[in-house]
Amino acid sequence: MTAASLSHKPATPVLAARDLSKRYGGIMALQSVGLDLGAGEIHGLCGENGAGKSTFIKILGGLVRPDSGEISVDGRPLALGQRTDPQLISIVHQELAIVPTLSVLDNIMLGMGGTSPFYFAHLVRTQVRQGLDEVGLAHIPLDRKASALSLAERQLVEIARGVARRARVLLLDEPTATLSDAEIKRVFDTARLLRDKGTALVFVSHRLDEVFALTDRVTVFRNGQHVLTERTSDLTSRDLVKAMIGRDLVRGTQKPLSVAADRPARLAIAGLRCGDALKPIDLALAPGEIAGVVGQLGSGADVLVEALAGLRGLVDGQIAIDGRAVVIGSVRDAMKAGIAYVPEDRAGKGIFLDAPVWMNLTASVMGRFSRGGVMQRAAERERGLELAAMFRIDPGRLGSEVATLSGGNQQKVALGKAAALTPRILILNEPTRGVDIGARSEIYATLRRLAEQGLAILFYSTDLEEVLELADRVVTIFRGEVVRSIGRDALDGGEILHDILRGRDDTIVLTQ
Amino acid sequence: MAEAMAVKTTEGWVSERLRRMVATPHELHATSIRGGTLVLIIVAVLFVPHFAEFGNLQSIMYSLAAVGIGAVGMALVTLSGNLFMLSMGATAAFSTVVFASLISLGLLPTMLLVVAAGTLIGLIQGVLIGAADTNPIITTIAAASMITGFGVLWTGGITVVGHGQATWLGFGRVFGLIPNQILVMLIFAGIAGFVMQKTRLGREIRLIGMQRDVARVAGLRLIAATMFCYGFAGAAAALAGSLIASSSAQGNLTYGIDLDFNAIAAVLVGGVSIRGGRGRVGDAVVGAMFLSIIGNVLLVSGVSYEYQLVVKGAVVLASVIIGALLGQWAPRLRRRVGAAR
Amino acid sequence: MSGAAWLTRSIRLVLLVALPLGFALTVKHFLSLDNLYAIFQSFAFLGLLALGLSVTMIAGEFDLSVAAMATVAGLVTIKLVVLGPVAAVLCAVMVGTVIGIGNAVLLPWLQISSLVTTVGTMILLNGVGFWLAGGRVLSYDNFDVSDALDQTLLGIFSPRSLITILCFLLIAAFLQFTKLGRDIYASGGHRRAAIQSGARVGLALVVCFAISGAFAALAGSLISLSLATASATLDSTTLLQAAAAAIIGGVALGGGIGSPASVATGVLILTILNNGLGLLSASSTELLLVNGALLLIVVLLDGKAGQALMDLRRKTAQTKRRNVTWQG
Amino acid sequence: MSQGHKRQNYLRNLMLGTVAAGLLGIFGGAAPAWAAAKGSKVILLTVSQSCEYCALHERAFLKAAAADGINVEVKINNFDAGQQASQVDQAVAEHPDAIVVWPADASAIVPSLRRIKKAGIPLVVTNSMPNPKYQSLWNIYTGPDDLGNGQQAGEAMIQGLKAKGYTGNTDIFVILGVLGTPPQINRLDGFTGVLKAKAPMVKIDGSQPGNWDQTQATDAAAALFTQYGAHIKGVYAEADNMLAGVIVAAQRAGLDPKTLVLVGSNCSVEGVNAITAGTQYATVLQSPIDDGNYAAQAVADLLDGKSVPKTRFLPHPTITAENVAMCNAAIGR
């Protein structure tokens, strides 16, 4: 660590981590990195996947013992490799640490520490309520079961836990990844209130706009090494990206396709409804077109893509593909109709982690490689090689289990698995969640190439940058209704935000 | 590109094979049990008097056949991600009764009918578990008591004596050497192994067992696969019941009732992962073989019954522990083999 | 999920009320003090086993070795009863606790399902049982202990059933009012989340399996004193009965859901059903079929069938609500 | 048959509850202890329906009791001693005129017998006798004399060895029932006692449990044949179904069962078939029908106030090819 990288060091650090190193097998996950954190500071932590952020967080939480280094809170050294006292450092995990079968209060009090073995929920209730009210979390219901909460509410409960513990250091690991913008704002408000009360916060995020909006200083890791720590206001977005990936990112090079009105629609939806989540929706998609569906959580935008993929059972309304009406009631119906789907939860729904790459690639199209029910491995292998080439997957790793690949390569396998269907329409749910910037642009390029070959692509994303980067056309959805369906160049991020937060008419928001 | 790949693969075939054998925890476990069985046989041949005698080897085969078939069926259920089928013992017992009642029709028609009945019993459970999404363990427990209940209703608990010839299955041998029973087991295991490794349905079953949600999104045939596994396991139990009933052409609701736990022990010892999707049918057969040989060695050495049970329990527990430990070493070993390559 | 839970809960309550009511109306002697005593005597043994087992189920695990543990504990008790019955019970419970802890320690170390380790333990304990019995049925000639344990108290209880009820209360208080109790629920509700949020999952598992082992041992120990006998061949359906009781009572196999109250409900439903059918002179066939059918209904309702029924209910409720708003 | 009977009972009990002064209720509910057998209520606590012997025993009992006008209620526990104890509690609660118990475990039943005694309900123990030192707890025992049964088997073995010309030092082995159960212990004691006294040159080389199960007996016998090979001249199995397993093992080991002296017990279907086929030398009759009948007879006599012997053993004649017809009759085939 160089002296330069520790410039702007606070006078009395609340958290001081120095010279942390960790080796996994032959790989240096962390190489003597450090971080100093002052009271009342929000500190951004950035880096691509594999930069060492999560190892760093695990070391702070005491889940991983570093090979060397030291950590102190308020000048007192921590015992490394043992669970850290949550009143010193509390971590809000990216994968929510919420137990769905427990009440919100129980969840908040979980792992609270303290010496008394007893736990009387009614005695701590008032105290927790007060603590939450103070930081603007007054609306969190304490007695409801966590399983009854929305994803966003669970995220807030997780933050509330950190608040209730009155931790000196609160570490937020991508707290906004699954949130809509209104909820992100709420998280930010709470973070700022906590900062003003003297808590030191670490904010880990992939979303650069958020880093700039919220943080006072930023630290960047790359390949397990500390790259920079600077005041946020001294940096530009380009500086930050360059620090993260080590080079300038070439982006936005793809020209958007201008939709010719006279082209026959590849996909035409009329009056599609899905329970209360989706009001009758009309939508058309031309061959070669990439459309991005945007909406807050709960707006029904994700329901739309899942319904088209056959995951929502039978839905009302008409769906026509290349002018032919189809009925979609199951995943297999959708596939037969020529629709392929890539889900948002890669590890849970997208790919078979413990199966080799080739088996994943052909998982949805086994029927094409079986003769009398027996698999024809040679034909399968050939197709696997083709798909690997199409998505730039190392053909030498076709036999490896997918779990051994990086996040970006796993997503390529998930995409390849869908592309194997040779679909007419490709539907993507969060196409690059948890994928680092490098692999992301590769995926965008591949998708564009597929579209140029005539494929129609419809994707749902909560990442506005992604929508503006990838979509030819943006479809904004508010409360189950299409607000606008318009070419990308015709609107900017602000207008999209307006659409998905307010809908067409501001007055709708007021009537609850 | 593809040609270059092919060349590279041929060169790497041996090391790829080697890597495969230690690649995953269950593979490593299965490999060690195969080795363990071999070592056990060598030790027994050298040090246990009478072990290597032909008659004794035959008696091992006889004691293996029914359990081996049960283990194959159980392995399918385990591979499909549904843990264990606890109604196999009841199905086997019920099948001995059906077998004895029908044997006057001749051996082959009887076996076909018995297996068909077992398949039907399994299919019903498969429908409940696959289509109605019920818990597999509890469903099969409930099924077990109902199967036994109907069995008692039918027979009144009386031993059913068959009027027919079942000696081909009970005593027959190929060239006077290999019991027909063990041939039946090998053919059955071969069919199951082929289905699981080579066919589309088998691949689907393994993938569904591995990650059910992924399989759903990938459009695999969940219900059909689950039904197939349970139907097949029911058939296995019925076939095992036929083997048991054939030696005396009699059926009783207590015959073969312990098939469940013997088959589970074989699956566990053989190294089929109970998380589903990982492992082979053959592993379960090797597990059954290992247990049969251990049991035989203890019997032949005149070890008293109490100690036999202790040793069998210890073998299962030790195999579980070793399997799990291997699972933790496997990544390291894999790296090492990978590095060597 | 919660919908299906609502449905099965209501069915449970209906069963718990309707069964005794039905039997009381149709069967002579059902409500006699002697018969209620008999019901609680059945409750005493099965209840303890199901309670211990369900604690592991709540933590998201499953202890298959409880029945074998009870057998071994019974043998230990009768072997050591020369030291005095209390000392013998304590020793047996200690053995159970230690073996339970052993089961739990294997889990994080090996990172495998408890279903697998406890199958091993079960088979091993089975062998140990035969070894302890040494090919005999162990018996104890002094029936004072048996009489004392099974004497009638308050008309329908015995010390043995009161011990069981006390254990239910203790575990209920433990799960409700201690941090560790809540950690146990968290471990079963969502294991990863529990670990990440700092719940003491390792300790929770150790305690669960210790409880399960200790209670199974206590059950086996008390029944062997009550019968003044212990043998290596306890009935193999005991485990299934205990599991069935827990599940019928509403303890989720997936973990995180259930309580001693639900276990007690399940055990009572089963014992009352079997007692009533017994009074009606039901054959073992009828018992098997009824128990199997009851279990099937419960799993069906926990699965998609229950979900479908709930969707139906929700839809009708929504239509009603909509109608109301339109009128308003 | 038994099903029909139980259905009647079921209906009767339903009637008892709903129609307070039902016709049968007068007899069933209000009768005092030691009433006459006719119209009395007796509870039979038996062990299993999915075991042939048990099922035949229950049928015979029900038939004989019905002939005497006794109303029987049956409770079954699948050989679970703990469950049987609570069934006894339940039975006592019903205040029947008499109780008949087939102990699931002859030792574990004793405290329950004390409870029945305390409640003053007449008691018949059937099929397996608890330790005779507790005989004050029951009124009558009927059932097999396992010691005598084993002795008879020993005699048959000696006779068979002589008949097949095996004199001098002879090797045999034994297949046992579930270890620790009274029939297992007593039959073995009887068998070895007779051999020791009358044929000291017959040597028991080994023994293994077959747990009253044919498959397990087959494996056990196969191992013993392997161990002692061609020296073996005879086998005693404590039950015929286990002996059927021994025959299977012998055939598989390439031995002709007809050259061996194979002695079983009970004379169940397996034994009858094997004796008829000539593969089994002898068995010792223990008739489940007699067993059930004796118990029914005992309880009827007891209720009618007749003086009856405390213990009534079943006859246990040796059955060979000559008198196998007797056995067929005894098991009702």
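Here the structure is a predicted model, which means the values were calculated and not measured. Proteins come first, then strands; the chains are lettered A, B, ... in the order of their sequence lines, and each starts at number 1.
The side chain to side chain donor-acceptor pair (under 3.5 Å) test applied to B/N82 returns B/S80, not counting sequence neighbours. With sequence neighbours excluded, the residues satisfying side chain to side chain contact (heavy atoms under 4.5 Å, CB included) with C/I195 are A/R83, C/R191, C/V201.
Annotation: the span from B/T140 atom OG1 to C/L295 atom CG amounts to 9.5 Å, rounded to 0.5 Å.
Heavy atoms closer than 4.5 Å to chain C are found in the side chain of B/F261, but not in its backbone. Only the side chain of B/I274 comes within less than 4.5 Å of a heavy atom of chain C; its backbone N, CA, C and O stay farther away.
Between chain C and the options B/I321, B/I137, B/V316, B/T139, the largest number of non-hydrogen pairs under 4.5 Å is found for B/I321. Put simply, of C/G120, C/A244, C/A243, the one with the most heavy-atom pairs under 4.5 Å next to chain B is C/G120. The candidate from B/I264, B/I138, B/L83 with the greatest count of non-hydrogen atom pairs under 4.5 Å with chain C is B/I138.
Minimum heavy-atom separation, C/G292 to B/A142: O-CB, 3.4 Å. Closest non-hydrogen pair, B/V310 versus C/L124, comes out as O-CD1, 3.5 Å.
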Original post:
Hey, mind stepping through C/L296 and B/M146 against side-chain contact (heavy atoms from CB on, under 4.5 Å) and telling me if it holds?
Top reply: CA-CA 10 Å; C/L296 262 188; B/M146 298 193 77; 3.7 Å; yes
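Within the 4.5 Å cutoff, the side chain of C/I123 has no heavy atoms near those of the B/L317 side chain. No side-chain heavy atom of C/E286 sits under 4.5 Å from any side-chain heavy atom of B/L153. Residues C/L289 and B/F150 have side chains in contact (heavy-atom distance under 4.5 Å, counting atoms from C-beta outward).
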